Amino acid sequence: MPELPDVEVFRKYLNRTALNKKIDKVEVRDNDILSDHSARSLQMQLKGKKFKATKRRGKYMFVKFDKNAWLVPHFGMTGFLKYYKDEDKETEHARVVFDFTNGYKLAFDNQRKLGKVDIAKGVQEFAEKNDIGPDVLEDDFDLGKFKEIMDKKRGIVKSALMDQKSMSGVGNIYSDEILFRAGIHPASKTERLDNKQVKKIFRALKTVLKKAIEAEVDPQKMPSSYLLPVREEGHKCPECSGKIKSSKFSGRTGYYCGKHQKQLS
DNA sequence: AATATTGTTCAGCA
DNA sequence: GTGCTGAACAATAT
């Protein structure tokens, strides 16, 4: 699940549930999830504090709990947040649980343990240290900037969009959706795209991600002309008379329409 | 039972 | 050194 729109939805969820509640303790149920710091130091730093504000950069979420101190959840391939009170509401793979003094808890659920919970001094500092590119939904990520980045990229365009060092936020699912809307084949070489095509991809990128956030990431609420609700091999293309195909691109399975997304030679 | 999976990192290669 | 690709990682579903 967790690409940019998913993380944005989780961030808003945290904002309306766990913000400004006093933290009583932190339960670390799986140490794989922690980055460098220990469970003990996480507990010591957070006890008695409140989550004060949230930010997001690409697929990373930032939760402020002190001056120059942010919790940084990252979900990996699976995961979400859950705020609850009763034990029986607890989710199956709650790896880190924040207990609040009001009796509620916030769980960082992460089935496959590829997610991480880190601590940073700030968004900028964390982004530089971890080489995370500009967030694609920021206002200053405009067509000029996108063109500049794409000009430097080689290889298949789907991978270029998914390279978090160049720009952050787009993953496997949404790169498919973006290229589907732009009518570009996922395996097109980035260096072969003309200005018009780059512009088309840029437009699609902004629209698709915004729409997904609006739809709260529910495929059923996405426009019916989108690929997402019908992302399976052999399905009829919602845009034209073509059929949906799938194939491996740089090791990831991508879906596209065999008719209106033509491969560049 | 082998194979797939929404992310990131790193070895291998050009 | 740089940049791209594919395997590995973990746990579960089909």
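From a predicted model like this one, the values you see are computed outputs, not experimental measurements. Each chain gets a letter, A, B and so on, in the order the sequences are listed, and its residues count up from 1.
- The side chain of S250(A) sits closest to dG6(C) out of dT12(C), dT8(B), dG6(C).
- Between the CD atom of E232(A) and the C1' atom of dT5(B) there is a distance of 16 Å, given to the nearest Å.
- The NZ atom of K113(A) sits 9 Å away from the P atom of dT12(C) (whole-angstrom rounding).
- Of the candidates dC4(C), dG7(B), dT5(C), the closest approach to any side-chain atom of I156(A) belongs to dT5(C).
- Distances from the side chain of L114(A) to the nucleotides dC4(C), dA4(B), dC9(C) place dC9(C) closest.
- Between the C1' atom of dC9(C) and the CG atom of D30(A) lies a distance of 14 Å, rounded to the nearest Å.
- When only modelled atom types and interatomic distance are considered, N172(A) and K158(A) share a side-chain donor-acceptor pair under 3.5 Å.
- Between dG7(B) and H74(A), no contact under 4.0 Å exists linking OP1 or OP2 to a side-chain N or O.
- A straight line from CZ of R231(A) to C1' of dT5(B) spans 10 Å, rounded to a whole angstrom.
- The aromatic ring centres of F98(A) and F108(A) sit 6.0 Å or more apart.
- Residue contacts for K248(A): at a heavy-atom cut-off of 4.0 Å it reaches the sugar-phosphate backbone alone, with no base atom in range.
- Between the CG atom of D32(A) and the C1' atom of dA11(C) there is a distance of 12 Å, rounded to whole Å.
- Electrostatic pairing of E8(A) and R11(A) counts as a salt bridge here, judged by a charged N lying under 4.0 Å from a carboxylate O.
- The minimum heavy-atom distance between L4(A) and S168(A), with the atom names listed, is CD1-O, 4.1 Å.
- For M162(A) and dG6(C), the CE to P distance is 12 Å, given to the nearest whole Å.
- The side chain of Q164(A) approaches dT8(B) more closely than any other nucleotide in the set dA4(B), dT12(C), dT8(B).
- Side-chain atoms of K59(A) lie closest to dG7(B) of the nucleotides dG7(B), dT12(C), dT5(B).
- Here R252(A) reaches the OP1 or OP2 of dG7(B): one of its side-chain N or O atoms lies under 4.0 Å away.
- Here F10(A) and F80(A) keep their ring centres 6.0 angstrom or further from each other.
- If you check the side chains of T101(A) and D24(A), you find no donor sitting under 3.5 Å from an acceptor.
- For K153(A), no side-chain nitrogen or oxygen approaches OP1 or OP2 of dG3(C) to under 4.0 Å.
- Atom pair N130(A):CG and dT9(B):C1' shows a separation of 12 Å (rounding to whole Å applied).
- Nucleotide dT2(C) holds its C1' atom 13 Å from the CG atom of D131(A), rounded to whole Å.
- Heavy-atom minimum distance, S225(A) versus F180(A): O-CE2, 3.5 Å.
- With hydrogens and angles left out, the side-chain atoms of Y226(A) and E177(A) include no donor and acceptor closer than 3.5 Å.
- Between S159(A) and dT5(C) there is a side-chain polar atom (N or O) within less than 4.0 angstrom of OP1 or OP2.
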| message | Could you spell out the base pairing of DNA chain C as a dot-bracket line? Use Watson-Crick and G-U wobble contacts where both distances are under 3.5 Å, [ ] for crossing pairs, | for partners on a different strand. | response | .||||||||.||||
